*Asks:* 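Let me begin by handing over the structure; questions about it come next.
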Amino acid sequence: MIETNCSLKPFNSFAIEAKTEQLFHLKNRTQFPELLVHIKQAIENNKPILILGGGSNILFCENFAGLIIKVELSGVEVTESESSYLLTVGAGENWHKLVTDCIEQGIDGLENLALIPGVVGAAPVQNIGAYGTEFKDACESVEYIDLDSGQLHTLSAEQCLFGYRDSIFKTPAFKNALITQVTLKLSKKWQPQSRYGALNNLKTDEQITAKQIYQSVCQIRSEKLPDPAKLGNAGSFFKNPVVNQDLADTLLALHPKMPNYPQADGKVKLAAGWLIDQASLKGHQIGGASVHQQQALVLINQGDATALDVVKLAGFVRDTVQQQFAVELQHEVRFIGAVGETNLSEVLKNV
Ligand SMILES: Cc1cc2nc3c(=O)[nH]c(=O)nc-3n(C[C@H](O)[C@H](O)[C@H](O)COP(=O)(O)OP(=O)(O)OC[C@H]3O[C@@H](n4cnc5c(N)ncnc54)[C@H](O)[C@@H]3O)c2cc1C
């Protein structure tokens with residue numbers, strides 16, 4: 001079933017009003033032939049195509065002039081060997097529900113990634129990460145359907161080329177790869193990952209359980225991050241910038257307390273939220289959009305923000321940080337224009 005001229009407000013966690021010409025709900029694999037017919041028509045009519053999960057990492061900058069496929073494929077299959085569990089999960093399953101169900105069934109390893117919004121099929125796209133772990137740590141393989149050919153393919157974790165908030169699925173060659181399911185491998189010899197950030201306060205003795213980490217992560221995140229169901233947002237708006245050592249040294253001489261994380265390649269990762277906070281931008285507002293008072297890295301919709309309000313605010317934050325620290329912030333949130341993916345600089349050119 002395809003809907004036309006449909007509001008996208010319920011389908012993006014920023015709760016920005018925008019419309020799409022067509023919306024297709026992909027609920028099961030028997031719909032593949034029907035979907036491919038709609039794809040063919042869209043291509044013939046020169047219409048853009050967008051794959052959508054839970055809409056929690058997206059900013060609709062304007063109405064979408066094409067076909068959106070909302071991925072709602074369900075199903076979780078668990079098999080086990082002596083040493084590990086293998087979970088094959090439909091791309092439309094809710095990520096946090098999967099983490100919770102695993103913890104309840106004694107399948108450990110995903111607890112650090114609790115409460116990340118969105119669906120399973122989007123997790124490989126930016127290699128979701130939190131509290132010292134990333135999706136790639138549990139990934140065995142990812143299955144996708146090539147929307148051009150209709151063929152199903154499977155990539156091993158290595159072939160997915162996972163990086164910091166990055167994977168092969170963000171490259172132009174994989175623009176039409178719709179992830180259908182992922183397979184996770186979770187070792188039965190579970191090791192806690194609790195040395196990162198706020199989890200440091202947990203006891204690191206042998207007694208610590210995955211459930212305790214899960215509960216701590218849920219508690220910290222609920223206290224720290226605004227709930228998109230109450231206050232529209234897309235989580236961290238910008239990525240943590242990675243700069244060269246010289247710039248990091250210059251900034252550290254001026255700001256000795258600046259958080260900095262040396263990387264294996266000699267570069268240094270900085271905390272985007274700290275830079276925005278130091279630039280006194282917490283609470284800064286443009287129209288109905290503002291920088292969150294407690295979390296400088298999160299831009300929020302105060303209720304009536306337009307996409308343009310968010311875009312202007314993001315531009316102001318990026319430019320202010322650039323002027324004060326000579327650090328260029330890149331947005332983590334995917335910007336979607338009328339004919340497909342765009343970016344902050346492009347959108348600002350037309351304002
Ligand atoms: C409050 C909050 C906290 C957050 N915290 C974190 C965090 O700690 N760590 C983190 O990494 N992220 C975080 N995020 C960002 C977001 O939750 C993740 O990026 C999540 O994986 C997005 O899932 P989604 O289903 O909403 O994807 P969407 O926003 O719908 O899509 C994101 C991208 O993935 C593509 N995509 C979606 N599904 C598929 C598919 N089946 N096949 C191919 N491409 C697809 C889309 O085209 C789009 O480019 C947070 C967001 C919010 C709102």
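These numbers come from a predicted model, not from an experiment. Positions are given from 1 along the sequence. Whatever order the structure lists them in is the order used to number ligands and atoms, beginning at 1.
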*Asks:* Just jot down the ligand 1 atoms closer than 4.0 angstrom to any heavy atom of Ala130, in number order.
*Replies:*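 Those atoms are 8 (O).
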*Asks:* Contact between ligand 1 and Glu341 is defined here as a heavy atom of the residue under 4.0 Å from a ligand atom; is it met?
*Replies:*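 Not so, Glu341 does not reach ligand 1.
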*Asks:* Please work out which of Thr180, Val125, Val298 has its closest non-hydrogen atom nearest to atom 35 (C) of ligand 1.
*Replies:*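 Residue with the shortest heavy-atom distance to the ligand atom: Val125.
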*Asks:* Ring centres of Tyr144 and His153 under 6.0 Å apart?
*Replies:*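 Centroid distance Tyr144-His153: below 6.0 Å, so yes.
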*Asks:* Using distance alone, determine whether Pro226 and ligand 1 share an N or O pair under 3.5 Å.
*Replies:*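 No, since none of the N or O atoms of Pro226 sits under 3.5 Å from an N or O of ligand 1.
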*Asks:* When you compare ligand 1 with Arg221, is there at least one nitrogen or oxygen pair between them that comes in under 3.5 angstrom?
*Replies:*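 So ligand 1 has an N or O lying under 3.5 Å from an N or O of Arg221.
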*Asks:* For atom 29 (O) of ligand 1, what is the nearest protein heavy atom, given as residue, atom name and distance?
*Replies:*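 Result: Asn57 N, 2.8 Å.
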*Asks:* Distance under 6.0 Å and angle within 45° of the ring axis: does Lys188 meet both against Tyr85?
*Replies:*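 Positive - Lys188 is close enough to the ring of Tyr85 and near enough to its axis.
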*Asks:* Does even one non-hydrogen atom of Arg165 get within less than 4.0 Å of ligand 1?
*Replies:*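 Arg165 counts as a contact of ligand 1 under the 4.0 Å cut-off.
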*Asks:* Only heavy atoms of Leu52, strictly under 4.0 Å: list the atoms of ligand 1 that pass.
*Replies:*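 The atoms of ligand 1 under 4.0 Å from a heavy atom of Leu52 are 30 (O).
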*Asks:* Is it possible for you to check whether Lys175 lies under 6.0 Å from the centre of the six-membered ring of Phe169, through NZ or CZ, and within 45° of that ring's axis?
*Replies:*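 No.
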*Asks:* Closer than 4.0 Å to some heavy atom of Gly129 - which atoms of ligand 1 meet that?
*Replies:*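 Counting atoms of ligand 1 from 1, those under 4.0 Å from Gly129 are 7 (C), 8 (O), 9 (N), 10 (C), 11 (O).
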*Asks:* Quick check on contacts: which atoms of ligand 1 are under 4.0 angstrom from a heavy atom of Ala177?
*Replies:*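 In order of number, 42 (N), 43 (C).
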*Asks:* Considering Ala122, Ser167, Ala234, which one's heavy-atom position lies nearest to atom 37 (C) of ligand 1?
*Replies:*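 Heavy atom nearest to atom 37 (C) of ligand 1 belongs to Ala122.
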*Asks:* State whether Glu332 and Arg165 are salt-bridged, where the test is any N-O pair (Lys NZ or Arg NE/NH1/NH2 against Asp/Glu carboxylate O) under 4.0 Å.
*Replies:*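 Result for this pair is yes, salt bridge flagged.
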*Asks:* Within less than 4.0 angstrom of ligand 1, does Ser236 place any heavy atom?
*Replies:*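 Outside the 4.0 Å threshold, so no.
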